[in-house]
Engineer: 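The structure follows.
Proteins come first, then strands; the chains are lettered A, B, ... in the order of their sequence lines, and each starts at number 1.
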Amino acid sequence: MSEADLALLFTALSCLALRVAGLAVAGALRADHPFVAWAAAVAQATLAAFVVLAVAAPSGALATLPLAARVAALAAGLVGYAAFGRRLLPALLAGLAVLVLTRAI
Amino acid sequence: MPTADAAAPSPPGDAAPPARRAARAGVAEALGAPAVAMAATFLAFGAAVREAGLPIGWALAASWGVYGMPGQLVLVQHAASGGAAGVLPAVLGAVAVNARFLPMAIALAPMFAAPRRARAWSLLGAPFVAITPWAAAMRALPGMAPPGRLPWFLGFGLASWLVAGAAAMAGHAVAGLLDPATRAVLVFANPLYFALLLAADLGRPGTRGAVLAGAAAAPLALVLPAAWGLLAAGVVGGTAAFFLGRRGGRRV
């Protein structure tokens with residue numbers, strides 16, 4: 001087994017443990033329990049931070065896209081979301097289309 | 001976006017049990033925008049795996065076993081660098097960037113409970129606790145009757161999981177056709193999709209505070225070590241939103 005395989009195996013097991021632990025620990029709680037509400041807020045905030053970073057200060061492959069293209073794609077997606085009756089798929093495709101077009105210019 | 005199909009009365013002629021109808025509604029929901037965003041990202045991931053010199057089976061195992069893109073990318077980068085840093089730092093880095101699975105699972109767990117069903121059944125949902133199914137479930141499940149919630153999540157999760165694995169294998173197979181610029185566009189589909197979900201959440205008083213606080217805390221990730229930055233921003237932003245929301249007399 002190579003190092004990459006070992007790293008994958010241990011990561012997969014650890015990630016499964018996190019998921020099972022969360023479900024097992026909170027399974028007995030009510031949905032409006034403060035601990036559950038706090039965890040939901042943390043998860044939601046993490047997602048928001050992820051999106052802000054991906055658009056404003058990305059690393060890796062996203063960093064090769066110009067900031068103007070990333071912002072234009074985001075704006076097009078949001079405008080599309082409002083224009084297409086709050087439907088996600090057309091909005092997503094509109095954002096990606098603008099990203100491709102902005103890169104081509 | 002349909003959110004309460006599973007709770008709706010069965011249409012005339014649909015004799016399927018409620019659980020199966022809920023699962024089918026979850027599959028249908030997953031095969032729209034979530035599938036497009038997920039397929040694009042995992043296509044780019046498959047290509048990156050091929051570039052790192054790893055086989056197609058590894059791409060599939062990482063997609064299904066880890067099922068959290070930031071952690072998957074840490075592992076690929078580790079392999080591409082020849083693994084010089086050792087296994088432990090790669091595992092710690094990959095698990096840290098995916099540590100959000102814990103609060104996500106905690107937030108979902110109470111919604112999986114149903115009368116006359118052992119709680120252990122909820123653990124079937126564990127492999128699918130990831131951003132896309134979680135975000136969809138947090139929107140759809142509260143409007144659904146409790147018995148249908150877990151089947152809906154399993155339908156949604158399994159469909160997305162299969163799409164992700166198939167896309168990763170396809171990306172590995174056609175890696176030569178995907179230049180870096182194309183890959184970057186594909187990767188962007190993911191945050192763009194999440195941004196649209198968040199825009200929808202801004203209209204809901206219960207989640208607005210956490211979205212805004214998380215966005216405000218994002219710069220923390222730039223000054224902290226990469227593996228922990230995102231988690232720290234989420235914990236700080238989410239905790240602030242939680243306490244502010246309680247002081248304001250409403251749930252966050």
Side-chain angles (χ1 to χ4, degrees), chain A residues 3-4 6-8 10-12 14-16 18-33 35-55 57 60-62 64-65 70 73-74 77-78 81 86 88-89 91-92 95-96 99-100 103, chain B residues 32-33 36-37 54 61-62 65-66 71 75 78-79 83 87 90-91 94-95 98 100-107 109-111 119 122-123 126 129 183-185 187-189 191-196 198-199 207 210-211 213-215 217-218 221-222 230 233-235 237-238 241-242 251-252:
Chain A
E3 277 211 350
L6 272 180
L8 171 53
F10 289 134
T11 302
S14 307
C15 287
L16 184 62
L18 286 176
R19 292 161 158 140
V20 168
L23 290 177
V25 165
L29 301 177
R30 288 163 48 94
D32 59 357
H33 191 282
F35 179 59
V36 174
W38 171 79
V42 167
Q44 194 83 37
T46 307
L47 183 54
F50 170 79
V51 169
V52 167
L53 292 169
V55 175
L62 288 182
T64 64
L65 297 168
R70 299 192 301 263
L74 176 65
L78 294 174
Y81 184 67
R86 300 173 71 84
L88 288 167
L89 188 54
L92 178 64
L96 290 178
L99 182 59
V100 171
R103 281 193 52 85
Chain B
V36 173
L54 294 164
V66 180
L75 293 180
H78 168 256
V87 170
V91 173
V95 175
N98 278 350
R100 63 179 181 280
F101 293 155
L102 182 62
M104 285 180 172
I106 292 171
M111 286 197 281
R119 277 211 308 274
S122 302
L123 299 182
V129 175
R183 263 185 244 173
V185 170
V187 172
F188 194 74
L192 180 58
Y193 170 68
F194 295 140
L196 295 174
L198 292 177
T207 51
V211 171
L222 299 175
L230 185 60
V235 170
F242 171 73
R251 282 179 54 216
V252 174

Engineer: Search all heavy atoms of A:Cys15 against all heavy atoms of B:Val66 and return the closest pair with its distance.
Structural biologist: SG-CG1, 4.2 Å
Engineer: Let me confirm one number: the CZ-OG1 distance from B:Arg183 to A:Thr64, rounded to the nearest 0.5 Å.
Structural biologist: 10.5 Å
Engineer: Which heavy-atom pair separates B:Ala195 from A:Val51 by the least distance, and what is that distance?
Structural biologist: CB-CG1, 3.7 Å
Engineer: Can you say whether A:Arg103 sits under 4.5 Å from chain B via the side chain, the backbone, both, or neither, judging by heavy atoms?
Structural biologist: side chain
Engineer: Under a 4.5 Å heavy-atom cut-off, does chain A meet the side chain of B:Leu196, its backbone, both or neither?
Structural biologist: both
Engineer: I need the residue from B:Asn98, B:Leu54, B:Val95 with the largest number of non-hydrogen atom pairs under 4.5 Å to chain A.
Structural biologist: B:Val95
Engineer: Tell me which of these, A:Tyr81, A:Trp38, A:Phe35, has more heavy-atom pairs under 4.5 Å with chain B than the rest.
Structural biologist: A:Trp38
Engineer: Hey, which of A:Ala54, A:Gly27, A:Ala73, A:Ala61 has the most heavy atom pairs under 4.5 Å with chain B?
Structural biologist: A:Gly27
Engineer: If you count heavy-atom pairs under 4.5 Å with chain B, which of A:Val55, A:Val20, A:Leu99 comes out on top?
Structural biologist: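 So the answer, after comparing A:Val55, A:Val20, A:Leu99, is A:Leu99.
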Engineer: What are the two closest heavy atoms between A:Arg19 and B:Ala105, and how far apart are they?
Structural biologist: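 Result for this residue pair: O-CB, 3.4 Å.
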Engineer: Checking B:Leu123 against chain A: side chain, backbone, both or neither under 4.5 Å from a heavy atom?
Structural biologist: both
Engineer: Select, from A:Val52, A:Leu16, A:Val100, the one with the greatest count of heavy-atom pairs under 4.5 Å involving chain B.
Structural biologist: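 Ranked by contacts with chain B, first place is A:Val52.
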Engineer: For B:Ala215, is it the side chain, the backbone, both, or neither that has a heavy atom closer than 4.5 Å to a heavy atom of chain A?
Structural biologist: both
Engineer: Return the CZ to CG distance between B:Phe188 and A:Leu74, rounded to the nearest 0.5 Å.
Structural biologist: 6.0 Å
Engineer: Look at A:Gly95, A:Ser14, A:Ala28 and state which one has the largest set of heavy-atom pairs under 4.5 Å with chain B.
Structural biologist: A:Ala28
Engineer: Of all heavy-atom pairs between A:Leu23 and B:Ser122, which one has the smallest distance, and what is that distance?
Structural biologist: CD1-O, 3.5 Å
Engineer: Report the C-alpha distance between B:Val91 and A:Leu6 in whole Å, list the side-chain angles of each, state the deciding distance to 0.1 Å, and finish with yes or no for side chain to side chain contact (heavy atoms under 4.5 Å, CB included).
Structural biologist: CA-CA 9 Å; B:Val91 173; A:Leu6 272 180; over 6 Å; no
Engineer: Can you see which heavy atom on A:Ala26 is nearest to which on B:Pro110, and at what distance?
Structural biologist: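 Looking at all heavy atoms of both residues, the shortest contact is O-CG, 3.7 Å.
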Engineer: What pair of heavy atoms forms the shortest contact from A:Phe50 to B:Phe194, and how long is it?
Structural biologist: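 The pair with the smallest heavy-atom distance is CE2-CD1, 3.7 Å.
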Engineer: As an exercise, state the distance from CG of A:Leu88 to OH of B:Tyr193, rounded to the nearest 0.5 Å.
Structural biologist: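 The distance works out to 6.0 Å.
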Engineer: What's the separation between atom CE in B:Met104 and atom CD in A:Gln44, rounded to the nearest 0.5 Å?
Structural biologist: 8.5 Å
Engineer: Looking only at heavy atoms and a cut-off of under 4.5 Å, which of A:Ala24, A:Gly77, A:Ala21, A:Ala4 has the most pairs with chain B?
Structural biologist: A:Ala4
Engineer: At a heavy-atom separation under 4.5 Å, does B:Leu198 approach chain A through its side chain, its backbone, both, or neither?
Structural biologist: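 The answer is the side chain of B:Leu198.
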